[in-house]
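Since the structure comes first, as structure tokens, the remarks are kept for the end.
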Protein chains: 2
Amino acid sequence: MKLSTKGKYGLYAMFYLAQHAGNGPQPLKSVAEIGVPEDYLEQLLGNLRRAGLVTTVRGAQGGYQLAKEPQAITVGDIIDATEGPLSISECLSDEGSCHRAGQCKTRRVWEYLSNSINDLLQSISLQDMLEQEQFGITKES
Amino acid sequence: MKLSTKGKYGLYAMFYLAQHAGNGPQPLKSVAEIGVPEDYLEQLLGNLRRAGLVTTVRGAQGGYQLAKEPQAITVGDIIDATEGPLSISECLSDEGSCHRAGQCKTRRVWEYLSNSINDLLQSISLQDMLEQEQFGITKES
DNA sequence: TCATACCCGACTATTCTTGTCAACATTAGC
DNA sequence: GCTAATGTTGACAAGAATAGTCGGGTATGA
């Protein structure tokens with residue numbers, strides 16, 4: 001179980017935009033300095049735009065900027081937008097794939113895990129990241 | 001971010017073994033009745049054996065059984081054994097892939113998420129699953 | 001010794017990931 | 001209006017991962 005680079009890059013990009021909020025639209029070239037291929041990043045920002053997390057200004061001097069305040073955007077929003085909704089098990093989305101009653105006892109586990117992880121992701125906002133220390137990290141590595 | 005079938009099938013199989021604990025070794029054929037191809041399941045049970053979660057008896061009347069009590073085996077153990085350790089981001093395992101200081105602020109997020117999810121997975125045992133209702137599910141779907 | 005069962009490694013088809021590329025649409029500024 | 005800067009879109013492709021499949025072992029109870 002791991003995140004693909006889409007979610008990771010998406011968070012990088014959104015964090016970059018959060019850091020530059022208020023400075024006008026940031027062109028793709030600038031955002032790509034976080035270390036992501038431009039052509040690939042473009043796709044991800046497209047998804048983030050369609051999800052309503054960033055707005056764009058086309059043409060010269062255009063670029064990308066956050067569509068909302070940093071505290072109104074969560075890590076979960078970003079991962080949803082870039083990776084698609086996380087589904088621990090397709091049992092949860094596809095009804096009918098649990099063809100045996102015995103197996104369905106495990107379904108409740110997926111349900112519980114899925115809900116818990118979603119809550120977790122929704123509990124961290126870009127603002128929290130800007131402020132650091134805000135989301136429960138206490139132990140030193 | 002999703003689990004592969006390995007983790008899912010692994011949990012099915014382990015839950016099956018938990019349900020039949022005390023009835024002697026369960027042959028692969030029986031376990032496969034949960035709806036997993038025998039040849040594939042064999043690989044997964046091999047991983048579970050190497051992880052010390054099941055023991056096997058070879059030869060006629062042989063089969064697989066839990067290596068420990070159901071309360072001593074967690075969903076996290078099973079997923080680790082079948083899917084390999086979950087790594088949200090390779091930033092956490094591979095040092096040096098965070099090549100920019102700016103990006104590394106997001107690293108703490110992965111760290112936090114990773115720890116939280118691991119704790120979550122470790123908090124559910126097979127015994128909890130046998131007893132149902134035991135691992136925090138309260139809301140009706 | 002034979003049937004039952006686990007053990008192991010190689011092989012493969014399909015899908016997903018991670019980009020790359022080319023053509024197009026929009027707009028600011030001269 | 002022209003041009004350069006910029007976002008938009010969809011097609012394409014190499015490589016890796018997933019989800020099995022297969023063929024031959026080895027151990028053991030009857």
Side-chain angles (χ1 to χ4, degrees), chain A residues 1-13 17 24-51 53-67 79 82-90 97, chain B residues 1-13 17 20 23-67 79 82-90 94 97:
Chain A
M1 184 165 63
K2 63 179 241 191
L3 225 51
S4 75
T5 58
K6 287 183 189 174
K8 202 173 73 168
Y9 291 171
L11 185 57
Y12 287 171
L17 292 180
Q26 301 294 313
L28 182 65
K29 267 196 175 64
S30 305
V31 184
E33 285 169 12
I34 57 179
V36 180
E38 284 182 40
D39 288 328
Y40 192 36
L41 183 58
E42 199 170 2
Q43 290 179 29
L44 305 181
L45 284 168
N47 288 336
L48 290 165
R49 175 176 54 81
R50 278 181 284 275
L53 300 181
V54 301
T55 56
T56 55
V57 180
R58 298 182 69 156
Q61 276 69 51
Y64 299 86
Q65 50 197 336
L66 296 187
I79 289 180
T82 50
E83 306 231 341
L86 89 80
S87 75
I88 289 275
S89 164
E90 71 284 355
S97 53
Chain B
M1 184 163 67
K2 64 180 243 192
L3 226 52
S4 74
T5 57
K6 287 183 189 175
K8 202 174 73 167
Y9 291 171
L11 185 58
Y12 287 171
L17 292 180
H20 294 77
N23 299 354
Q26 302 294 314
L28 183 64
K29 267 197 174 61
S30 305
V31 184
E33 285 170 11
I34 57 179
V36 179
E38 283 183 40
D39 288 329
Y40 193 35
L41 183 58
E42 197 171 5
Q43 291 179 29
L44 305 180
L45 283 168
N47 289 335
L48 290 165
R49 176 177 53 81
R50 278 181 286 274
L53 299 181
V54 301
T55 56
T56 55
V57 178
R58 298 182 69 160
Q61 275 69 51
Y64 300 86
Q65 50 197 335
L66 295 186
I79 289 180
T82 49
E83 306 230 339
L86 89 81
S87 75
I88 289 275
S89 163
E90 73 283 356
D94 294 7
S97 53

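Basis for what follows: all heavy atoms, side chains included, without hydrogens, waters or symmetry-related copies. Just so it is clear: chains get the letters A, B, ... in the order the sequence lines come, proteins before strands, and each one is counted from 1.
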Using whole Å, what does the distance between atom C1' of nucleotide D:dA17 and atom CD of B:E83 come to? 12 Å
Are any of the side-chain heavy atoms of B:Y64 and B:E42 separated by less than 4.5 Å? yes
Does B:Y9 have a side-chain nitrogen or oxygen under 4.0 Å from the phosphate oxygens OP1 or OP2 of D:dT18? no
Just checking A:K6: base, sugar-phosphate only, or nothing, at a heavy-atom cut-off of under 4.0 Å? base
d(CG, B:D39; C1', D:dG24) in whole Å: 12 Å
Base D:dT6 paired with A:Q26 side chain (donor-acceptor, <3.5 Å): no
Is any side-chain heavy atom of A:V31 closer than 4.5 Å to one of A:L17? yes
Side chain of B:S4 (C-beta onward), nearest among D:dA19, C:dC8, D:dT6: D:dA19
Contact class for B:G46 (heavy atom, under 4.0 Å): base, sugar-phosphate, or nothing? nothing
Using whole Å, report how far CG of A:L41 lies from C1' of D:dT9. 16 Å
With sugar-phosphate meaning primed atoms plus P, OP1 and OP2, does A:L45 contact a base, only sugar-phosphate, or nothing at under 4.0 Å between heavy atoms? nothing
B:Q61 side-chain proximity, nearest of D:dT28, D:dA30, D:dG7: D:dA30
N/O donor-acceptor pair, side chain B:Q43 with base C:dC8, under 3.5 angstrom: no
Compare all side-chain heavy atoms of A:L48 with those of A:T82 and state whether any distance is below 4.5 angstrom. yes
5'-most contact on DNA chain C: A:P37 or B:R49, nearest heavy atom basis? B:R49
Taking for B:R58 and for B:Y40 the nucleotide of DNA chain D with the nearest heavy atom, the one nearer the 5' end belongs to B:Y40
Expressed in angstrom and rounded to an integer, what is the separation of B:E42 atom CD from D:dA19 atom C1'? 15 Å
When rounded to whole Å, the CG to P distance for the pair A:L3 and C:dT17 reads 11 Å
For A:K8 and C:dT18, what is the distance between atoms NZ and C1' respectively, to the nearest whole Å? 12 Å
Whole-Å distance between C:dC6 P and B:L17 CG? 11 Å
Whole angstrom is fine here: how far is it from CG in A:L44 over to P in D:dT9? 14 Å
Rounded distance (nearest 0.5 Å) linking atom CD of A:E83 with atom OG1 of A:T5: 8.0 Å
Mind checking the CD-CD spacing from B:E33 to B:E38? Nearest 0.5 Å is all I need. 9.5 Å
Less than 4.0 angstrom between a side-chain N/O of A:T56 and OP1 or OP2 of D:dG7, yes or no? no
